[in-house]
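Here's the structure, in structure tokens; my notes come after.
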Amino acid sequence: MEEASTAPDLDEGDPSSTVLDLTSYQLHDLDSVELPPNLTELDLTSNRLSTLDPRIGHLSHLKKLSLRQNLITDAAVEPLSSWNALSSLEDLVLRDNQLRKIPDVSIFKTLLVFDVSFNEITLLHGLSRVSNTLKELYVSKNEVTKIEEIDHFHQLHILELGSNKLRVMENFENLTNLQELWLGRNRIKVVNLCGLTCIKKISLQSNRLTTMTGFEGCIALEELYLSHNGITKMEGLSSLVNLRVLDVSSNKLTSVDDILNLTQLEDLWLNDNQIESLEGIAEAVAGSREKLTTIYLENNPCAKSTNYATILREIFPNIQQIDSYVFS
């Protein structure tokens, strides 16, 4: 039996067939697949496509197109730039393919989501042609060395640049609506948020930070992830009064400091550091002792203390989880 014969045969006149999901059919082409002209969503995730079926270019109602996890190259994606009928596309996913550069998607004037993660892209050249309507941009797990051509994304809410080769945080000044910034697994040594005062989530896990300074102006921040760095001291946190999650695990901390003002803190990850004693922790977290529900301190010298868990439960009356142990 041919692989393509497992694909659903849709009735073009069926109003319910505006969404076509062909995920994991292992298709090499779409020759035996019917593409109703009224499609609004086409999901081709996890197939073996190496070219784009020209019929896709006539789907004038299409809003979402996913080509995730295929065999699409730069040459194969080129036809997209001339398919005028798709100009109202809002969500384009090219994640996990064989792209070496940012494709030309300037034809999409109302693009909201653009995902080119898990490719082989080395430069962000081409982002300047992406619509300024964009709200989510994903370029993680590539070979990018510099943050550039993002100045016009005034509406951007999510920027994902994790697992690249970035050394410098830059060019964020115009991203005034940015809510989430993901920069884990890069080579960043210094925090520079360029005035991102509205940001709510930041990840700089697995970088080369040695200090926590640089977040002081991010007063709207709710989640901060800084694990697997070389940070030696907790500092610059007192102004982050909206912080709910703080992850500074796998660093070089010897004490818990500068979080007294964090009255909204719910999750505190301090595991795999060098914190010697539980003494002083009650005072350090006095502002959030009622709010805190999860704390990780395992793989610190203090976690070997007698009655370690009992002491923490006395400090935090509403604690639900200590390390991997969840209280029923």
Side-chain angles (χ1 to χ4, degrees), residues 49-52 56-57 65-84 86-178 180-190 192-196 199 203-204 207-208:
L49 302 175
S50 57
T51 59
L52 299 187
I56 296 175
L65 174 60
S66 176
L67 289 156
R68 177 176 179 170
Q69 201 173 344
N70 278 279
L71 303 172
I72 304 298
T73 62
D74 295 331
V77 82
E78 280 184 7
L80 270 178
S81 63
S82 60
W83 287 350
N84 294 303
L86 298 188
S87 61
S88 60
L89 194 73
E90 296 178 352
D91 192 324
L92 177 58
V93 178
L94 293 164
R95 184 187 186 96
D96 200 357
N97 277 282
Q98 298 175 4
L99 302 179
R100 294 181 177 275
K101 62 181 181 181
I102 300 291
D104 182 0
V105 295
S106 56
I107 197 171
F108 309 124
K109 303 302 183 184
T110 56
L111 199 62
L112 301 176
V113 178
F114 186 38
D115 187 347
V116 288
S117 296
F118 288 82
N119 280 284
E120 301 167 28
I121 296 168
T122 56
L123 298 171
L124 295 183
H125 293 170
L127 282 184
S128 60
R129 298 194 299 272
V130 178
S131 172
N132 61 6
T133 56
L134 202 67
K135 290 191 175 181
E136 300 179 17
L137 175 59
Y138 303 91
V139 200
S140 63
K141 200 63 171 69
N142 279 281
E143 304 290 327
V144 178
T145 58
K146 182 178 176 60
I147 301 173
E148 56 191 338
E149 295 195 21
I150 62 171
D151 304 47
H152 62 300
F153 293 136
H154 303 288
Q155 304 303 316
L156 201 64
H157 287 176
I158 299 174
L159 177 56
E160 163 66 276
L161 287 167
S163 297
N164 279 286
K165 296 181 178 179
L166 300 171
R167 296 179 183 273
V168 179
M169 298 174 67
E170 58 189 336
N171 298 319
F172 298 138
E173 290 87 353
N174 292 343
L175 309 187
T176 51
N177 287 297
L178 198 65
E180 302 180 18
L181 178 60
W182 303 90
L183 290 168
R185 295 186 179 278
N186 278 287
R187 303 172 182 180
I188 296 166
K189 294 182 178 180
V190 178
N192 178 15
L193 290 165
C194 308
L196 295 179
I199 195 104
S203 173
L204 279 160
N207 274 280
R208 299 177 181 177

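Counting only distance, with no hydrogens or angles, the side chain of E149 and the backbone of S128 share a donor-acceptor pair below 3.5 Å. Side-chain atoms of N70 come within 3.5 Å of backbone atoms of L49 as a donor-acceptor pair (strictly under, hydrogens ignored). Judged by distance alone, with hydrogens and angles left aside, the side-chain atoms of N177 form a donor-acceptor pair with the main-chain N or O of H154 at under 3.5 Å. A donor-acceptor pair under 3.5 Å is formed between the side chain of S117 and the backbone N or O of S140. Counting only distance, with no hydrogens or angles, the side chain of N171 and the backbone of K146 share no donor-acceptor pair below 3.5 Å. At least one donor-acceptor pair under 3.5 Å links the side chain of N142 to the backbone N or O of E120.
With values rounded to the nearest 0.5 angstrom, L99 atom CG is found 7.5 Å from T73 atom OG1. In this structure, I147 CD1 and I188 CD1 are separated by 6.0 Å, a value rounded to the nearest 0.5 Å. The CG atom of L92 lies 7.0 Å from the CG atom of L67; values are rounded to the nearest 0.5 Å. Considering CG of N207 and CZ of R187, their distance stands at 10.5 Å, rounded to 0.5 Å. Rounding to the nearest 0.5 angstrom, the gap separating the OG1 atom in T145 from the NZ atom in K165 is 8.5 Å. Between atom CG of residue N119 and atom CG of residue D74 there is a gap of 8.5 Å, rounded to the nearest 0.5 Å.
In this structure, L80 and I107 have side chains that are not in contact, with every pair of non-hydrogen atoms separated by 4.5 Å or more. The closest side-chain heavy-atom distance from V116 to P103 is below 4.5 Å.
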Step by step, would you call L89 with L65 a side chain to side chain contact (heavy atoms under 4.5 Å, CB included)? CA-CA 8 Å; L89 194 73; L65 174 60; 4.1 Å; yes

Working for side chain to side chain contact (heavy atoms under 4.5 Å, CB included), residues V93 and Y138: CA-CA 9 Å; V93 178; Y138 303 91; over 6 Å; no

I'd like to know whether I102 forms a side chain to side chain contact (heavy atoms under 4.5 Å, CB included) with H125, so could you lay out the CA-CA distance, the side-chain angles of the two residues, the decisive distance to 0.1 Å, and finally the verdict. CA-CA 7 Å; I102 300 291; H125 293 170; over 6 Å; no

From CA spacing to verdict: side chain to side chain contact (heavy atoms under 4.5 Å, CB included), F108, T133: CA-CA 10 Å; F108 309 124; T133 56; over 6 Å; no

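For the side-chain contact (heavy atoms from CB on, under 4.5 Å) criterion with L124, the lone passing option out of N164, V130, V139 is V139. Residue F172 is tested with I199, L159, D151 for a side-chain contact (heavy atoms from CB on, under 4.5 Å); the sole match is L159.
The two residues S106 and D104 come nearest to each other via the heavy atoms OG-OD1, 2.7 Å. Nearest approach of I56 to L86, heavy atoms of both residues: O-CD2, 3.3 Å.
Taking a cutoff of 4.0 Å between a charged side-chain nitrogen and a carboxylate oxygen, D115 and R95 qualify as a salt bridge.
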